[in-house]
Amino acid sequence: MSDYKTTLNLPKTDFPMKAGLTEREPAMLARWEAAGLYGEIQRRRADAPLFVLHDGPPFANGDVHMGTALNKVLKDFIVKSRTMLGFRAPFVPGWDCHGLPIEFKVVKESRGLSPVEIRQKSEAYARQFIDTQRRQFRRLGVFGDWENPYLTLDPGYEADIIRSFGRFVERGLVYQSQKPVLWSTGAQTALAEAEVEYAKRTDPAIYVKFASAAAEGPLADASFVIWTTTPWTLPANVAIAVHPRAEYVLGDFGGQKLLVARERREAFAAESGLEFLGELAVFRGEELLGASARHPFLPRESRVITADFVTMDSGTGQVHIAPGHGKDDYLAGQQNGLPTLSPVDDHGRLTEECGVAAWVGKYVFDANKDVVAHLREIGALLAAHDYVHDYPHCWRSKTPVVFRAVEQFFIRVDDLRAPALAAIDETRWLPTWGRNRIAGTVESRPDWCISRQRTWGVPLPVFYDAAGKPILDPAVIEKVANLVAEQGTNLWFERDDAWWADAVGLPAGTTRRNDTLDVWIDSGVSHEAVLRRRPELRFPADVYLEATDQHRGWFQSSLMTSIALNDVAPYRTVITHGFVVDKDGKKISKSAEYKKPTHAEHFVNQYGADILRLWVSTVNYTDEVPFGEDVFKQVAERYRGFRNVLRILLANLDGFSAAQASLDGATTIDRWVLSRLQAVVEKCRAAYEAYDFRGVFEALNQFCTVDLSAIYVDVTKDRLYCDAADSPRRRATQTVMHACFTAVTRLLAPILVFTADEAWGYAGHAQSVHLETFPEPDATLRDPEFEARVEEWLKLRGLVYQQAIEPARQARTIAKSLEARVTLAVPAAQLDGLAAARAELAEFFIISDLELLAAEAPAVTLAKSTDAACERCWRHLPDVGATASGLCGRCATAVPTCTAA
RNA sequence: GGGCCUGUAGCUCAGUUGGUUAGAGCAUGCGCUUGAUAAGCGCAGGGUCAUAGGUUCGAGUCCUAUCAGGCCCA
């Protein structure tokens, strides 16, 4: 028995089965970067239509998290696919550099720094993480102008922030007003939430009577009752809030007519020791709206308002409102047109404004007992006891924090609201509910507080005259911007008032304060500082793409600033993605108890960037995106599927060149695959255009796994391996496989950036696949007739395998399908068509012989072939042994051509 | 508590304007092949479409409530 294996045209390729992505990807990345691939792509598209995806800047802090990776990979899918669709799609990555988290870390590391030192350390900190994140983004295969990203700390960018502020001023959008902030009396500075520590503290909890101002009706001679643990805020009281839907009882408490929420009546009676003697009237909270009380010790009215934040956990269901001393109070004050009083100085001492001369200059927590004593004296105190609670303290000075209203700058959102809502409707939101979300936030947002008492940020370019009045002058602001453009914003902190007054042409005695701009202004004006500045970009952008939290964040800040500057939105389409969640559907916590890996690097190092990218393509990114170790294992399996299909196609194309392409010998199945391929090309192009990367994955997965691997490649093995190398039938199949390979590899390229380029190289291309465009569907190759015919064959194939071959294998009648002789009975109407293709059908079923009969219902029977097996092609055929070689006729003719080669 | 969403096999997802026994890939089990071999092929099992009501001749698909989850507010 001779060994005919050497006479076969077996698949052959050096394209490795084992991906080894963790070693291979970095090497490929180095080659791309050495060759300047991104620049080369841009040069080749110099004259192509422009498509701008504008990168929302991540915060320059920490490693690239799975959420950040998801975001950047989705952006890269868009940029790469638009490029391959024929656009010039530049990508300019950016970083958001200023802000509290960095300043906080820097200050925590080394105390007692000057503002200039804090800023220097903060910049170094930001730059360090920009480098880290840049390396990690590049490692993910994201293409872009990584050498020239935009940074919000660049002097040019900072100058544009200041110029934008100047334009807001010019349009009359900026005003100054008081707003309560967390204030450290020890450090004399505003604090951020993150700088607050909670500690136990004992304060007086008091019940205070506010006499009703009503002259008649049930409330005449009655009193409202509030409960508070901050007596020192009473001088700033301007209102009493009740819950609109709660029930309030006007009762006789030991002879006093007092109003208390029904739910709190018993608790109040117990704590005050006042006996409840009977119900006089009942009100729903909203019925009390418009009533009024007299301030217990100041000649002032205290209005009754309604608020949903009133709870029944403690107190009386009536909340003392001091808009200058609380967040809820402030908002309630805004909604009801109440004044914001805050008679407290930087050191936490009551000022003259408090209205009681004896208290002026007292530290508020010391003043508590004076207030209580005074209330008792005038008969307004119903009860007092010690109350232990968690109270916010300054993390630096350890002193208790107070809420205190300080002068802040605001942007008048009312002037922007209508045009912003109009612009929202002119923008395309994906998914569509994004429109409702941002419209909801724009409709309800109060004026935008844009000043912060921070150090690591862009200075608020406002000077104050000798009387302390702010100078809001666009011309002065422009001068600041010009200085900053040349020397950076550190100048603001390095030079003194006199120097600055002189530099911007203001009289001596002009002062500055160390306020900075809200960092949302920084990133919010990127359309101005980046889209309009970079010559390769354009305003407005085609696409912004960020996570859903940015409806309130960057999408909104960018919209507002753009409305203020341009009257239109800075984007045409806004795409949002969900947050990355644990595969159990739980959110990924940043807390210490959450032990599972959440850094992109972990998965890249373990599986490779292409696996991570493939994962992104399999999920529905508009919802929460599940991930986890086993999700990645599954995706890695899918990756193997793609890789092995590319590999077998390459291997079957060994020795084939495009010059040999011909469809002359094409059979039904070749025409069918070619037709299917056109549909896949069409589907993928449409899916990429619609940002539906899952659609691309589905189409390619179905095509590669089912159509190619399980059907086409399996069925055509016989002809590829056993036919003469240049038989028309074999060449036609190779022609089709070549078409499949070049199309699939290019369609896969935006997702499997590394693997597609690797395979492309093994196919003999000197240049990167990323310089190519997507294949175009060829309508002349679409053939519904062939598709329908093979659909019919596939149904019969299922029948044959299920009812004949599989049972025969299980029963050990046959081992491989080629040993089978199948008799297939089909309805007469079907018979003629099938009979004409009997040989192709036998090949399609991968059996040696097929007999077709007519019957009412389809039926299949199987017998082991009685013909001898050809030693070369393993088929059982009647002509085996007819020639001296002992082979089948086809193999007998093929062997000489093969051995000759 | 409010706003915007989501909930289909173990996992990731399809399910056209409501219309026959709800599909795919992966995973699992069984088997074949050893000429894609740390590969390939076949067959099989697996879903009361979150739950409960309702509209309809008919609902995974429409409505209401509940539960669970996410983001943003409070």
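Only a predicted model underlies this, so the values are computations on that prediction, with no experimental measurement involved. Here is the naming used below: chain letters follow the sequence lines, and residue numbers restart at 1 for every chain.
Residue-level contact check: A:Ala651 touches neither bases nor backbone, having no heavy atom under 4.0 Å from any strand. Among the atoms of the strands shown, none is found under 4.0 Å from any heavy atom of A:Lys633. Backbone-only engagement by A:Asp328 is indicated by non-hydrogen atom pairs under 4.0 Å involving sugar-phosphate atoms exclusively. Within the 4.0 angstrom heavy-atom criterion, only backbone atoms of the sugar-phosphate kind lie near A:Gln702; the bases stay farther away. Nucleic acid contact class of A:Trp874 (heavy atoms, under 4.0 Å, all strands): base. A:Asn620 comes within contact range of the sugar-phosphate backbone alone, with a heavy-atom separation under 4.0 Å but no base atom that close.
The base of B:G42 sits within donor-acceptor range of the side chain of A:Glu806, with an N or O pair under 3.5 Å. In this model, no side-chain donor or acceptor of A:Arg809 finds a partner on the base of B:C43 within 3.5 Å. Taking only distance into account, the side chain of A:Gln802 never meets the base of B:C43 through a donor-acceptor pair shorter than 3.5 Å. Between the side chain of A:Ser709 and the base of B:A36, at least one donor-acceptor pair of N or O atoms lies under 3.5 Å.
Contact annotation: A:Asn701 side-chain N/O to B:A24 OP1/OP2 distance is not under 4.0 Å. An OP1 or OP2 oxygen of B:G35 is reached within less than 4.0 angstrom by a side-chain nitrogen or oxygen of A:Lys5. For the OP1/OP2 pair of B:G42 and a distance below 4.0 Å, the side-chain nitrogens and oxygens of A:Arg797 include at least one atom meeting the criterion. Within the structure, a side-chain polar atom (N or O) of A:Tyr721 is placed less than 4.0 Å from OP1 or OP2 of B:A36. A close approach under 4.0 Å does not occur between any side-chain nitrogen or oxygen of A:Arg445 and OP1 or OP2 of B:C72. Close to B:U33, at under 4.0 Å from its OP1 or OP2, lies no side-chain N or O of A:Lys717.
Minimum atom distance to the side chain of A:Leu10 is reached by B:G35, of the listed B:G35, B:G42, B:G25. Comparing B:U12, B:U34, B:G42 by their closest approach to the side chain of A:Lys816 singles out B:U34. For A:Met17, whose side chain is taken as the heavy atoms from C-beta onward, the closest listed nucleotide among B:G35, B:U37, B:G25 is B:U37. Listed nucleotides: B:A36, B:G70, B:C41. Nearest to the side chain of A:Glu624: B:G70. The nucleotide whose nearest atom lies closest to any side-chain atom of A:Tyr801 is, among B:C43, B:C26, B:U12, B:C43.
Comparing A:Arg647 and A:Gln550, the nucleotide of RNA chain B nearest to each residue sits closer to the 5' end for A:Arg647. Each of A:Lys18 and A:Val635 has a nearest nucleotide on RNA chain B; the 5'-most of these lies closest to A:Val635.
For the pair A:Trp520 CH2 and B:C72 P, the computed distance is 10 Å after rounding to whole Å. Taking atom CZ of residue A:Arg552 and atom C1' of nucleotide B:C5, one finds them 16 Å apart after rounding to whole Å.
Residues meeting the side-chain hydrogen bond (donor to acceptor under 3.5 Å, both in side chains) test with A:Glu840, sequence neighbours left out: A:Thr668.
Separating the NE2 atom in A:His325 from the OH atom in A:Tyr330 is a distance of 14.0 Å, to the nearest 0.5 Å.
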Secondary structure of RNA chain B in dot-bracket form (Watson-Crick or G-U wobble, distances below 3.5 Å, | marking inter-strand pairs): (((((((..((((.....[...)))).(((((.......))))).....(((((..]....)))))))))))).

